[in-house]
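Below, chains carry the letters A, B, ... as their sequence lines are ordered, and counting in each starts from 1. Worth knowing before you read on, the calculation uses all heavy atoms, side chains too, and leaves out hydrogens, waters and symmetry mates.
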Amino acid sequence: MGNYICSKCRGPAVFRMRHHRLAFCQPHYLEWFIDQTARVIEKYHMFAPTDRILVAVSGGKDSLALWDVLWRLGYSVDGLYINLGISSEDDDYSNESQDYAEDFANQNGLKLHVVDIPQQYGESIPQFAARSQRGRIKPCGVCGLIKRHVMNRVARDEGYDVLTTAHNLDDEAAVLMGNAMTWQVDLLQRQYPVLPAEDGFTRKVKPFCRFYERETAAYSLLRGIEYEEDECPFSIGSKQLAYKDLLNKMEENTPGIKMNFYASFLNARSAGYFIPHNQADNEQSRELNKCPICGQPTASEDACAFCRLVKAG
Amino acid sequence: MPVTLILRKKEYTVEGTITVKDALKKLGLSPESHLVVRDGQLLTENDALRNGEVVKLVAVISGG
(Lines give C-alpha, C1' and ligand atoms only; values in the text may rest on other atoms or scores of the structure.)
Protein backbone atom coordinates (compact mmCIF):
# COMPACT_ATOMS: atom_id res chain seq x y z
CA MET A 1 0.00 0.00 0.00
CA GLY A 2 1.53 3.32 -1.05
CA ASN A 3 1.58 6.60 0.74
CA TYR A 4 -1.06 9.21 0.02
CA ILE A 5 -0.60 12.18 -2.26
CA CYS A 6 -1.97 15.68 -1.83
CA SER A 7 -5.25 16.13 -3.70
CA LYS A 8 -4.15 19.61 -4.73
CA CYS A 9 -0.41 19.56 -5.56
CA ARG A 10 0.23 15.78 -5.89
CA GLY A 11 3.09 16.02 -3.36
CA PRO A 12 3.29 13.73 -0.31
CA ALA A 13 0.20 14.06 1.92
CA VAL A 14 0.37 14.31 5.71
CA PHE A 15 -3.34 14.05 6.43
CA ARG A 16 -6.14 12.06 4.86
CA MET A 17 -9.92 12.36 5.29
CA ARG A 18 -11.62 9.18 4.11
CA HIS A 19 -15.15 10.62 4.19
CA HIS A 20 -14.15 13.49 1.90
CA ARG A 21 -11.88 11.28 -0.24
CA LEU A 22 -9.23 13.95 0.18
CA ALA A 23 -5.63 14.01 1.40
CA PHE A 24 -3.42 17.06 1.74
CA CYS A 25 0.15 18.18 2.32
CA GLN A 26 0.64 20.57 5.23
CA PRO A 27 0.21 23.93 3.43
CA HIS A 28 -2.78 22.75 1.43
CA TYR A 29 -4.50 21.23 4.47
CA LEU A 30 -4.17 24.52 6.36
CA GLU A 31 -5.51 26.37 3.33
CA TRP A 32 -8.42 23.90 2.88
CA PHE A 33 -9.35 24.12 6.55
CA ILE A 34 -9.56 27.93 6.50
CA ASP A 35 -11.55 27.88 3.24
CA GLN A 36 -14.01 25.37 4.68
CA THR A 37 -14.51 27.48 7.80
CA ALA A 38 -15.22 30.53 5.62
CA ARG A 39 -17.75 28.50 3.63
CA VAL A 40 -19.59 27.37 6.76
CA ILE A 41 -19.69 30.95 8.09
CA GLU A 42 -21.22 32.03 4.79
CA LYS A 43 -23.59 29.07 4.44
CA TYR A 44 -25.22 29.69 7.81
CA HIS A 45 -24.91 33.50 7.67
CA MET A 46 -23.03 33.38 10.97
CA PHE A 47 -21.63 36.90 11.03
CA ALA A 48 -20.65 39.88 8.90
CA PRO A 49 -17.07 41.11 8.30
CA THR A 50 -17.73 44.14 10.52
CA ASP A 51 -19.11 42.20 13.50
CA ARG A 52 -17.15 42.12 16.75
CA ILE A 53 -16.66 38.49 17.68
CA LEU A 54 -15.93 36.88 21.03
CA VAL A 55 -14.53 33.36 20.90
CA ALA A 56 -14.80 31.17 23.99
CA VAL A 57 -11.40 29.52 24.46
CA SER A 58 -10.66 26.60 26.74
CA GLY A 59 -6.95 26.29 25.90
CA GLY A 60 -7.73 23.12 23.95
CA LYS A 61 -7.16 22.30 20.27
CA ASP A 62 -10.59 23.25 18.96
CA SER A 63 -11.03 26.69 20.47
CA LEU A 64 -7.47 27.86 19.81
CA ALA A 65 -7.78 26.62 16.22
CA LEU A 66 -11.03 28.58 15.87
CA TRP A 67 -9.46 31.73 17.24
CA ASP A 68 -6.51 31.27 14.87
CA VAL A 69 -8.71 30.73 11.80
CA LEU A 70 -11.08 33.65 12.49
CA TRP A 71 -8.10 35.92 13.07
CA ARG A 72 -6.46 34.76 9.81
CA LEU A 73 -9.75 35.38 7.98
CA GLY A 74 -9.47 38.99 9.11
CA TYR A 75 -12.29 39.15 11.63
CA SER A 76 -12.19 41.35 14.70
CA VAL A 77 -12.05 38.55 17.26
CA ASP A 78 -11.13 38.56 20.95
CA GLY A 79 -10.93 35.58 23.29
CA LEU A 80 -12.61 34.72 26.57
CA TYR A 81 -11.05 32.24 28.98
CA ILE A 82 -13.05 31.12 32.01
CA ASN A 83 -10.87 29.68 34.78
CA LEU A 84 -13.04 27.03 36.41
CA GLY A 85 -10.70 26.29 39.33
CA ILE A 86 -10.36 22.62 38.36
CA SER A 87 -7.24 20.74 39.40
CA SER A 88 -6.27 17.30 40.61
CA GLU A 89 -3.28 15.93 42.54
CA ASP A 90 -1.05 15.67 39.49
CA ASP A 91 -2.74 18.10 37.14
CA ASP A 92 -3.34 21.84 37.52
CA TYR A 93 -5.88 21.64 34.69
CA SER A 94 -7.51 25.09 34.74
CA ASN A 95 -4.33 27.10 35.33
CA GLU A 96 -2.40 25.15 32.68
CA SER A 97 -5.24 25.66 30.19
CA GLN A 98 -5.21 29.40 30.96
CA ASP A 99 -1.46 29.48 30.24
CA TYR A 100 -2.06 28.01 26.77
CA ALA A 101 -4.80 30.55 26.04
CA GLU A 102 -2.65 33.46 27.28
CA ASP A 103 0.42 32.26 25.36
CA PHE A 104 -1.62 32.07 22.15
CA ALA A 105 -3.03 35.57 22.69
CA ASN A 106 0.41 37.03 23.48
CA GLN A 107 2.14 35.34 20.54
CA ASN A 108 -0.41 36.75 18.11
CA GLY A 109 -1.07 40.12 19.75
CA LEU A 110 -4.71 39.26 20.45
CA LYS A 111 -6.93 40.39 23.31
CA LEU A 112 -8.00 37.80 25.88
CA HIS A 113 -10.60 38.38 28.60
CA VAL A 114 -10.09 36.16 31.65
CA VAL A 115 -12.81 35.45 34.19
CA ASP A 116 -11.52 33.56 37.22
CA ILE A 117 -14.51 31.83 38.80
CA PRO A 118 -12.97 31.13 42.26
CA GLN A 119 -11.62 34.70 42.46
CA GLN A 120 -14.81 36.33 41.28
CA TYR A 121 -17.39 34.14 42.98
CA GLY A 122 -15.45 32.65 45.89
CA GLU A 123 -15.76 29.01 44.85
CA SER A 124 -14.44 26.67 42.17
CA ILE A 125 -16.71 24.63 39.90
CA PRO A 126 -16.22 21.45 41.98
CA GLN A 127 -17.11 23.43 45.12
CA PHE A 128 -20.24 24.90 43.53
CA ALA A 129 -21.20 21.44 42.30
CA ALA A 130 -20.63 19.74 45.66
CA ARG A 131 -23.37 21.76 47.33
CA SER A 132 -25.94 21.77 44.53
CA GLN A 133 -28.53 19.26 43.45
CA ARG A 134 -27.60 19.84 39.79
CA GLY A 135 -23.98 18.83 40.37
CA ARG A 136 -24.24 16.15 43.02
CA ILE A 137 -23.17 13.28 40.72
CA LYS A 138 -20.98 15.14 38.23
CA PRO A 139 -20.09 18.86 38.14
CA CYS A 140 -20.62 19.12 34.35
CA GLY A 141 -24.18 20.50 34.67
CA VAL A 142 -23.05 23.25 37.04
CA CYS A 143 -20.02 23.93 34.86
CA GLY A 144 -22.24 24.38 31.78
CA LEU A 145 -24.62 26.68 33.67
CA ILE A 146 -21.79 28.92 34.92
CA LYS A 147 -19.97 29.02 31.58
CA ARG A 148 -23.15 29.93 29.65
CA HIS A 149 -23.90 32.72 32.12
CA VAL A 150 -20.38 34.17 32.07
CA MET A 151 -20.02 33.92 28.28
CA ASN A 152 -23.27 35.78 27.72
CA ARG A 153 -22.46 38.37 30.39
CA VAL A 154 -19.04 39.19 28.95
CA ALA A 155 -20.39 39.26 25.39
CA ARG A 156 -23.13 41.71 26.38
CA ASP A 157 -21.06 43.87 28.77
CA GLU A 158 -18.23 44.25 26.27
CA GLY A 159 -20.52 44.91 23.31
CA TYR A 160 -19.75 41.88 21.13
CA ASP A 161 -22.14 41.07 18.29
CA VAL A 162 -21.48 37.33 18.25
CA LEU A 163 -20.27 34.64 20.62
CA THR A 164 -18.50 31.75 18.91
CA THR A 165 -17.76 28.34 20.35
CA ALA A 166 -15.59 25.67 18.75
CA HIS A 167 -18.05 22.78 18.89
CA ASN A 168 -17.04 20.32 16.15
CA LEU A 169 -19.05 17.70 14.29
CA ASP A 170 -18.17 14.98 16.80
CA ASP A 171 -19.50 17.20 19.62
CA GLU A 172 -22.69 17.91 17.68
CA ALA A 173 -23.18 14.28 16.62
CA ALA A 174 -22.70 13.08 20.21
CA VAL A 175 -25.27 15.58 21.52
CA LEU A 176 -27.60 14.59 18.69
CA MET A 177 -27.23 10.93 19.55
CA GLY A 178 -27.95 11.64 23.22
CA ASN A 179 -31.07 13.63 22.39
CA ALA A 180 -32.24 11.10 19.78
CA MET A 181 -31.82 8.20 22.23
CA THR A 182 -34.53 9.78 24.36
CA TRP A 183 -36.33 11.69 21.56
CA GLN A 184 -36.05 15.05 23.25
CA VAL A 185 -37.76 16.88 20.43
CA ASP A 186 -37.51 20.28 22.09
CA LEU A 187 -33.72 19.89 22.36
CA LEU A 188 -33.45 18.51 18.83
CA GLN A 189 -35.27 21.55 17.54
CA ARG A 190 -32.81 23.89 19.25
CA GLN A 191 -29.68 22.12 17.96
CA TYR A 192 -28.40 24.26 15.09
CA PRO A 193 -25.10 25.96 14.10
CA VAL A 194 -26.65 29.38 14.82
CA LEU A 195 -28.71 30.51 17.79
CA PRO A 196 -30.04 33.99 16.97
CA ALA A 197 -29.78 36.85 19.45
CA GLU A 198 -32.96 37.23 21.50
CA ASP A 199 -34.20 38.62 24.79
CA GLY A 200 -30.79 39.52 26.20
CA PHE A 201 -28.96 36.54 24.73
CA THR A 202 -26.06 37.29 22.40
CA ARG A 203 -26.08 35.49 19.05
CA LYS A 204 -24.19 32.17 19.31
CA VAL A 205 -22.54 30.38 16.39
CA LYS A 206 -20.46 27.25 15.80
CA PRO A 207 -18.18 27.72 12.76
CA PHE A 208 -16.48 24.30 13.25
CA CYS A 209 -19.71 22.28 13.28
CA ARG A 210 -18.80 20.54 9.99
CA PHE A 211 -15.28 19.45 10.98
CA TYR A 212 -14.47 16.08 12.47
CA GLU A 213 -12.58 16.35 15.74
CA ARG A 214 -9.48 14.77 14.18
CA GLU A 215 -9.53 17.55 11.58
CA THR A 216 -9.40 20.34 14.17
CA ALA A 217 -6.63 18.44 15.99
CA ALA A 218 -4.70 18.08 12.72
CA TYR A 219 -5.10 21.81 12.07
CA SER A 220 -3.65 22.72 15.48
CA LEU A 221 -0.79 20.25 15.10
CA LEU A 222 0.07 21.34 11.56
CA ARG A 223 -0.24 25.03 12.45
CA GLY A 224 2.04 24.50 15.45
CA ILE A 225 -0.49 25.70 18.01
CA GLU A 226 0.44 24.61 21.54
CA TYR A 227 -2.65 23.46 23.41
CA GLU A 228 -3.79 21.64 26.56
CA GLU A 229 -3.81 17.95 25.65
CA ASP A 230 -5.06 16.68 29.01
CA GLU A 231 -8.73 16.06 29.49
CA CYS A 232 -10.85 17.76 32.11
CA PRO A 233 -10.67 15.19 34.95
CA PHE A 234 -14.46 15.28 35.26
CA SER A 235 -15.06 14.27 31.63
CA ILE A 236 -13.84 10.72 32.24
CA GLY A 237 -16.75 8.33 31.94
CA SER A 238 -19.07 10.98 30.52
CA LYS A 239 -21.95 9.99 28.25
CA GLN A 240 -20.67 12.34 25.57
CA LEU A 241 -17.36 10.46 25.35
CA ALA A 242 -19.22 7.14 25.20
CA TYR A 243 -21.34 8.39 22.30
CA LYS A 244 -18.25 9.69 20.51
CA ASP A 245 -16.59 6.27 20.86
CA LEU A 246 -19.65 4.55 19.44
CA LEU A 247 -19.85 6.94 16.51
CA ASN A 248 -16.14 6.50 15.77
CA LYS A 249 -16.51 2.72 15.77
CA MET A 250 -19.21 3.12 13.12
CA GLU A 251 -17.08 5.64 11.24
CA GLU A 252 -14.21 3.14 11.02
CA ASN A 253 -16.43 0.75 9.07
CA THR A 254 -18.50 3.33 7.20
CA PRO A 255 -16.54 6.50 6.41
CA GLY A 256 -18.85 9.51 6.43
CA ILE A 257 -21.53 8.06 8.68
CA LYS A 258 -20.99 10.73 11.35
CA MET A 259 -21.22 13.48 8.76
CA ASN A 260 -24.38 11.95 7.27
CA PHE A 261 -25.96 11.54 10.70
CA TYR A 262 -25.49 15.23 11.52
CA ALA A 263 -26.10 16.68 8.05
CA SER A 264 -29.25 14.59 7.53
CA PHE A 265 -30.53 15.74 10.90
CA LEU A 266 -30.00 19.39 9.94
CA ASN A 267 -31.90 18.79 6.69
CA ALA A 268 -34.75 17.06 8.52
CA ARG A 269 -34.83 19.82 11.10
CA SER A 270 -34.98 22.49 8.40
CA ALA A 271 -37.82 20.56 6.76
CA GLY A 272 -39.78 20.90 10.01
CA TYR A 273 -39.59 17.31 11.28
CA PHE A 274 -38.73 18.30 14.85
CA ILE A 275 -41.45 20.76 15.71
CA PRO A 276 -43.32 19.59 18.83
CA HIS A 277 -47.06 19.22 18.14
CA ASN A 278 -47.77 21.57 21.06
CA GLN A 279 -45.45 24.23 19.59
CA ALA A 280 -47.77 27.08 20.59
CA ASP A 281 -47.72 25.99 24.24
CA ASN A 282 -43.95 25.68 24.14
CA GLU A 283 -43.56 29.17 22.74
CA GLN A 284 -45.59 30.47 25.62
CA SER A 285 -43.70 28.48 28.23
CA ARG A 286 -40.38 29.82 26.87
CA GLU A 287 -41.27 33.43 27.65
CA LEU A 288 -38.33 34.88 29.52
CA ASN A 289 -38.09 37.26 32.46
CA LYS A 290 -35.24 39.48 33.55
CA CYS A 291 -33.25 38.21 36.54
CA PRO A 292 -33.59 40.88 39.27
CA ILE A 293 -29.98 40.30 40.38
CA CYS A 294 -27.89 40.05 37.18
CA GLY A 295 -30.37 41.26 34.56
CA GLN A 296 -29.86 38.23 32.31
CA PRO A 297 -32.89 36.48 30.80
CA THR A 298 -34.36 33.57 32.74
CA ALA A 299 -37.37 31.29 32.55
CA SER A 300 -37.70 31.70 36.33
CA GLU A 301 -39.97 34.36 37.80
CA ASP A 302 -37.37 35.01 40.47
CA ALA A 303 -33.54 35.04 40.25
CA CYS A 304 -31.91 33.02 37.43
CA ALA A 305 -30.38 29.60 38.13
CA PHE A 306 -26.86 31.08 38.17
CA CYS A 307 -27.70 33.75 40.75
CA ARG A 308 -29.57 31.24 42.90
CA LEU A 309 -26.51 28.99 42.83
CA VAL A 310 -24.12 31.82 43.77
CA LYS A 311 -26.46 33.22 46.42
CA ALA A 312 -26.92 29.85 48.11
CA GLY A 313 -23.21 29.68 49.01
CA MET B 1 14.10 -2.64 20.27
CA PRO B 2 10.43 -2.24 19.27
CA VAL B 3 8.54 0.90 18.26
CA THR B 4 7.54 3.02 21.26
CA LEU B 5 4.27 4.95 21.13
CA ILE B 6 3.55 7.50 23.86
CA LEU B 7 -0.02 8.49 24.69
CA ARG B 8 -0.47 11.01 27.53
CA LYS B 9 2.69 9.91 29.37
CA LYS B 10 1.80 6.22 28.97
CA GLU B 11 4.13 4.10 26.81
CA TYR B 12 3.09 1.30 24.46
CA THR B 13 5.34 -0.87 22.32
CA VAL B 14 4.79 -2.79 19.09
CA GLU B 15 7.17 -4.72 16.87
CA GLY B 16 8.26 -2.94 13.71
CA THR B 17 8.30 -2.55 10.86
CA ILE B 18 4.58 -1.86 10.94
CA THR B 19 2.18 0.68 9.42
CA VAL B 20 0.54 3.34 11.60
CA LYS B 21 -2.82 1.76 10.86
CA ASP B 22 -1.72 -1.71 12.01
CA ALA B 23 0.07 -0.34 15.08
CA LEU B 24 -3.11 1.41 16.23
CA LYS B 25 -5.11 -1.74 15.53
CA LYS B 26 -2.70 -3.83 17.63
CA LEU B 27 -3.07 -1.43 20.53
CA GLY B 28 -6.85 -1.38 20.19
CA LEU B 29 -6.88 2.35 19.43
CA SER B 30 -9.23 3.88 16.89
CA PRO B 31 -7.59 5.70 13.96
CA GLU B 32 -10.61 7.99 14.04
CA SER B 33 -9.66 9.28 17.49
CA HIS B 34 -5.85 9.17 17.42
CA LEU B 35 -3.21 10.95 15.35
CA VAL B 36 0.42 9.85 15.21
CA VAL B 37 3.29 12.34 15.26
CA ARG B 38 6.99 11.61 14.61
CA ASP B 39 9.54 14.38 15.21
CA GLY B 40 6.75 16.93 14.99
CA GLN B 41 5.50 15.53 11.67
CA LEU B 42 1.99 14.14 11.28
CA LEU B 43 1.90 10.59 9.87
CA THR B 44 -0.77 9.02 7.69
CA GLU B 45 -2.10 5.52 8.29
CA ASN B 46 0.16 4.00 5.61
CA ASP B 47 3.40 5.45 6.99
CA ALA B 48 5.81 2.84 8.35
CA LEU B 49 7.05 2.71 11.94
CA ARG B 50 10.44 1.05 12.41
CA ASN B 51 11.96 -0.59 15.46
CA GLY B 52 13.71 1.86 17.74
CA GLU B 53 11.52 4.80 16.75
CA VAL B 54 9.57 6.77 19.35
CA VAL B 55 6.34 8.40 18.21
CA LYS B 56 3.67 10.41 19.94
CA LEU B 57 0.00 9.48 19.91
CA VAL B 58 -2.42 12.38 20.11
CA ALA B 59 -5.89 11.62 21.40
CA VAL B 60 -8.23 13.87 19.47
CA ILE B 61 -11.47 13.18 21.29
CA SER B 62 -12.38 15.39 24.19
CA GLY B 63 -15.54 16.28 25.95
CA GLY B 64 -17.51 16.23 29.10
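Proximity to chain B involves both the backbone and the side chain of A:Ala218, based on heavy atoms less than 4.5 angstrom apart. For a residue to count as touching a neighbouring chain, one of its non-hydrogen atoms must lie under 4.5 Å from one of that chain's; by this rule A:Asp62 touches chain B with the side chain only. Contact annotation for A:Asp170: only side-chain heavy atoms (C-beta onward) come within less than 4.5 Å of a heavy atom of chain B. Proximity to chain B is absent for every atom of A:Tyr243, based on heavy atoms less than 4.5 angstrom apart.
A 6.0 Å sphere centred on CD of A:Gln184 holds more than 12 heavy atoms belonging to other residues, nucleotides or ligands.
Listed in order of number, the residues of residues 25-44 of chain B that approach chain A to under 4.5 Å between heavy atoms are B:Ser30, B:Pro31, B:Glu32, B:Ser33, B:Leu35, B:Val37, B:Leu42, B:Leu43, B:Thr44. For residues 50-60 of chain B, a heavy-atom distance under 4.5 Å to chain A picks out B:Lys56, B:Val58, B:Val60, given by residue number.
A salt bridge does not link A:Glu229 with B:Arg8: every distance from a Lys NZ or Arg NE/NH1/NH2 to an Asp or Glu carboxylate oxygen is 4.0 Å or more.
For residues 91-100 of chain A, no residue pair satisfies the salt bridge (charged side-chain N to carboxylate O under 4.0 Å, His left out) rule, not counting sequence neighbours.
We find the CD-CD1 distance between A:Glu231 and B:Ile61 to be 9.5 Å, quoted to the nearest 0.5 Å.
Between chain B and the options A:Lys239, A:Lys244, A:Lys138, the largest number of non-hydrogen pairs under 4.5 Å is found for A:Lys244.
Contacts of A:Arg223 classified as salt bridge (charged side-chain N to carboxylate O under 4.0 Å, His left out), with partners at least two apart in sequence or in another chain: A:Asp68.
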